[in-house]
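Positions are given from 1, in the same order as the sequence printed here. Values below: every heavy atom of this structure, side chains too, minus hydrogens, waters and symmetry copies.
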Amino acid sequence: MSKPVTGPFEKTPGWLDWYTGPSKPRFEVPAGAVDAHCHVFGPGGEYPYAPERKYTPCDASRQQLYALRDHLGFARNVVVQATCHGADNRAMVDALVHSGGKARGVATVKRSVSDAELQAMHAAGVRGVRFNFVKRLVDFTPKDELNEIAARISKLGWHVVIYFEAVDLPELWDFFTTLPTTVVVDHMGRPDVSKPIDGPEFELFLKFMREHPNVWSKVSCPERLSVAGPPALNGEQNPYKDVIPFARRVVETFPDRVLWGTDWPHPNLKGHMPDDGLLVDFIPHIAVTPELQRKLLVDNPMRLYWPDES
Ligand SMILES: O=C(O)c1cc(C(=O)O)oc(=O)c1
């Protein structure tokens with residue numbers, strides 16, 4: 001893969017660039033596997049970062065994303081709008097239209113988006129919108145605006161992706177549980193893995209999924225959630241051990257409603273930048289049978305993003 005570069009923008013101090021030269025995974029993903037959560041950043045010279053952004057990344061282009069896809073053995077991607085681009089979806093849409101049908105997208109929109117713009121995004125491969133409740137990433141969007149957007153995109157058959165921290169689930173519960181679409185949770189709702197897996201916080205998340213069959217979860221980002229490590233670097237085959245029981249519980253309880261993604265290029269990591277090949281090697285620790293792996297990596301994402309082909 002080519003090296004990360006920065007365009008006309010100055011990166012946030014301490015920014016960690018994505019890892020160049022990822023290892024070849026030892027775990028061979030099943031044929032047709034989908035990386036169902038990844039991003040593109042810019043390039044900033046072509047697709048400027050949004051004025052309201054909370055961080056400025058290094059560039060991460062569609063070419064670099066698709067080179068990683070091929071290297072890791074994946075067949076397709078779901079490109080999720082990154083908050084550094086706000087509601088300007090051009091970089092993400094550009095990635096979709098240059099994917100040869102191998103990428104779908106999740107956009108961020110405002111209530112001012114027109115029906116024609118939604119239709120154009122649909123034609124490009126967008127199948128969802130992202131609602132973000134992580135305070136360090138976005139400013140608050142009023143719930144009535146989000147409800148209006150959800151009602152509009154539901155008519156296109158799209159879903160809503162939600163990103164929030166575990167401690168905020170109680171206060172967001174009523175809003176989430178009345179959304180009219182399939183709802184996909186980013187990164188397992190960010191559990192605090194230093195708390196007990198059978199404690200009230202993670203139990204509430206499991207209840208959220210149990211009581212609402214329209215709720216799905218990405219079992220991604222062990223590198224963000226892990227407190228104990230060790231990091232996925234230098235050939236480490238047993239990284240992020242503290243995340244495994246949480247992700248395994250979700251995969252085994254809801255095998256037909258889980259997705260997995262690299263989260264490349266891993267915005268806002270602080271301690272280390274993982275080797276993406278080793279992140280792929282993490283998968284068999286959380287989906288321990290070939291059947292669970294096939295559901296997680298192929299059947300579920302295909303059903304959600306390419307229903308005509310699944
Ligand atoms: O935790 C994060 O910082 C993060 C940020 C973004 C984004 O900026 O869109 O996306 C993610 O999936 C995770």
From T182, V106, V126, residue fulfilling side-chain contact (heavy atoms from CB on, under 4.5 Å) relative to W158: V126
Worked verdict on N77 versus R104 for side chain to side chain contact (heavy atoms under 4.5 Å, CB included): CA-CA 7 Å; N77 298 91; R104 296 288 195 233; over 6 Å; no
Q63 atom CD, over 12 foreign heavy atoms within 6.0 Å: yes
Shortest non-hydrogen contact from W260 toward F74: CZ3-CZ, 3.4 Å
Neighbour count >12 (heavy atoms, 6.0 Å) for atom CD, E10: no
Side chain S226, main chain P222, donor-acceptor under 3.5 Å: no
NZ/NE/NH1/NH2 to OD/OE distance under 4.0 Å, D186 and K218: yes
Same apolar cluster (I L V M F W Y, side chains within < 4.5 Å links), V134/F208: no
Stepwise side chain to side chain contact (heavy atoms under 4.5 Å, CB included) check, L278 with Q237: CA-CA 7 Å; L278 295 173; Q237 283 290 316; 3.6 Å; yes
Any L169 side-chain heavy atom under 4.5 Å of E201 side chain: no
Flag if over 12 foreign heavy atoms under 6.0 Å of CZ, R224: yes
Backbone of A50 reached by a side-chain donor or acceptor of R53 within 3.5 Å: yes
Flag side-chain contact, heavy atom, 4.5 Å: P267 against H39: yes
Positive for side-chain contact (heavy atoms from CB on, under 4.5 Å) with P301, one of V78, L296, L259: L259
Passing candidate, side-chain contact (heavy atoms from CB on, under 4.5 Å) with V250, options V219, V185, I286: V219
Close side-chain approach of S61 and Q64, heavy atoms under 4.5 Å: yes
Closest contact, heavy atoms only, A87 versus V109: CB-CA, 4.4 Å
Heavy-atom check, side chain of H285 versus side chain of Y240, under 4.5 Å: no
Close aromatic pair by centroid cut-off 6.0 Å: F41 and W264: no
Side-chain ion pair, K11 and D59, N-O less than 4.0 Å: no
For P22 against D276, the heavy-atom pair lying closest together: CB-N, 4.1 Å
Audit row: K270, L16, side chain to side chain contact (heavy atoms under 4.5 Å, CB included) steps and yes/no: CA-CA 7 Å; K270 296 282 179 256; L16 294 182; 5.8 Å; no
Close side-chain approach of Y47 to V93, heavy-atom, < 4.5 Å: no
Test side-chain hydrogen bond (donor to acceptor under 3.5 Å, both in side chains) applied to D263 and S220, step by step: CA-CA 7 Å; D263 194 35; S220 41; over 6 Å; no
4.5 Å side-chain heavy-atom contact, V29 and L72: no
N/O donor-acceptor pair under 3.5 Å between N300 side chain and P255 backbone: yes
Salt-bridge criterion met for R303 and D256 (N-O under 4.0 Å): no
Validation row, ring centre H212 to ring centre W173 under 6.0 Å: yes
Minimum heavy-atom distance between R90 and P48, given as atom pair plus value: NH2-CD, 4.0 Å
Path from W15 to L137 over hydrophobic side-chain contacts below 4.5 Å: yes
Candidate list N214, V129, V184, test side-chain contact (heavy atoms from CB on, under 4.5 Å), partner H159, passing option: V184
Heavy-atom side-chain contact between F254 and V215 under 4.5 Å: no
Test of ring centre spacing under 6.0 Å for H37 and H187: yes
Residues D17, H266; criterion side chain to side chain contact (heavy atoms under 4.5 Å, CB included); working and verdict: CA-CA 8 Å; D17 293 351; H266 310 287; over 6 Å; no
Salt bridge R210-E203, side-chain N to carboxylate O under 4.0 Å: yes
Shortest non-hydrogen contact between F246 and P196, atoms and distance: CZ-C, 4.3 Å
Test item: side-chain donor near acceptor, N89 and H85, under 3.5 Å: no
Donor-acceptor pair, side chain of T83 and main chain of G86, under 3.5 angstrom: no
Any side-chain heavy-atom pair of M121 and V113 under 4.5 Å: yes
SB check R76 D35 (cutoff 4.0 Å): no
K143, NZ atom: more than 12 neighbouring heavy atoms under 6.0 Å: yes
Side-chain donor-acceptor contact under 3.5 Å, D275 with S23: yes
E117 side chain vs S114 backbone, donor-acceptor pair below 3.5 Å: yes
Result of checking F133, Y163, F131 against F176 for ring pair (Phe, Tyr, Trp, His ring centres under 6.0 Å): F133
Closest non-hydrogen atom pair between K241 and N238, with its separation: CG-O, 3.4 Å
Residues, nucleotides or ligands: over 12 heavy atoms within 6.0 Å of K54 NZ: yes
